[in-house]
Amino acid sequence: MKFFIDTANLDQIKEANDLGVLDGVTTNPSLMAKEGIKGEEAVMKHYEAICDLVDGDVSAEVISTDFKGIVEEGKKLAAIHPHIVVKVPMIKDGVKALKWFSDNGIRTNCTLIFSAGQAILAAKAGATYMSPFIGRIDDSNWDGMELIGQISHIYSVQEYKTQILAASIRSPLHIVKAAELGADVCTCPLDSILGLLKHPLTDIGLAKFLEDAKKMNA
Ligand code: G3P
């Protein structure tokens with residue numbers, strides 16, 4: 001399973017990249033706005049800065065909602081850097097645009113997936129990735145992981161090539177479950193990635209080893 005970081009914050013991207021386990025980045029308009037990035041030029045420059053930091057795919061989301069607008073915007077985003085993957089919402093014109101991008105060699109990430117039916121449409125339209133929003137499904141009192149399992153099964157039976165990108169991850173356990181259920185990629189906040197490190201027995205064990213190591217030098 002590939003590891004992407006779900007942020008537009010350059011320091012966090014650097015920190016995750018320094019760990020040596022990062023395969024890419026996902027952003028969305030909310031994450032970009034959180035960094036205070038305003039205006040088309042600044043947005044483009046920020047995507048370029050992210051692409052220069054990480055040797056992997058970087059999802060950049062369109063904000064148009066009509067076919068023509070999505071295609072024009074997607075072409076501009078894709079031209080920024082070869083790492084760019086155009087993020088397209090799961091709406092009717094989005095599906096049409098996914099097919100256009102696929103036919104024209106532009107890689108895509110279909111976002112805002114909340115059902116298996118939407119996942120089938122994204123695959124049929126030739127999306128490179130598609131992003132089920134686990135945490136938001138859990139928030140609405142359904143089981144986000146159940147959806148990952150269902151999509152994983154359908155994609156395997158139907159031999160769809162679209163990659164399952166588990167998004168809206170809220171905890172290290174989400175990452176472990178996504179891996180278990182066959183997600184191809186997990187995009188996570190930095191805290192969830194670092195959370196994978198933690199185990200009290202590791203800390204206790206290391207403290208004991210270090211204490212005993214002092215005896216070797218005594
Ligand atoms: O990148 C999209 C997704 O990961 C959003 O996550 O936490 O806003 O539901 P969240």
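Numbers here are sequence positions counted from 1. Computed over heavy atoms, backbone and side chain alike; hydrogens, waters and symmetry mates excluded. One-based numbering, in listed order, for ligands and for the atoms of each. Quantities reported herein were computed from a predicted structural model and do not represent experimental measurements.
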Original post:
Which other residues end up in the same hydrophobic cluster as Leu210, if Ile, Leu, Val, Met, Phe, Trp and Tyr are linked when side-chain heavy atoms come under 4.5 Å apart?
Top reply: Leu206
Original post:
Between Glu48 and Lys45, does at least one N-O distance fall below 4.0 Å, as a salt bridge requires?
Top reply: no
Subject >> Near ligand 1, at a heavy-atom separation below 4.0 Å: residues by chain and residue number >> reply: Asp6, Asn28, Lys87, Phe133, Arg136, Ala167, Ser168, Arg170
Original post:
Does Lys75 pair with Glu72 as a salt bridge, N-O distance under 4.0 Å?
Top reply: yes
Original post:
Salt bridge or not for Asp139 and Arg136, using N-O below 4.0 Å?
Top reply: no
Original post:
Can you pull the salt bridge (Lys or Arg N to Asp or Glu O under 4.0 Å) pairs that have at least one residue in residues 105-126, sequence neighbours excluded?
Top reply: Asp57-Arg107
Subject >> Partners meeting ring pair (Phe, Tyr, Trp, His ring centres under 6.0 Å) with His81 (sequence neighbours left out) >> reply: His83
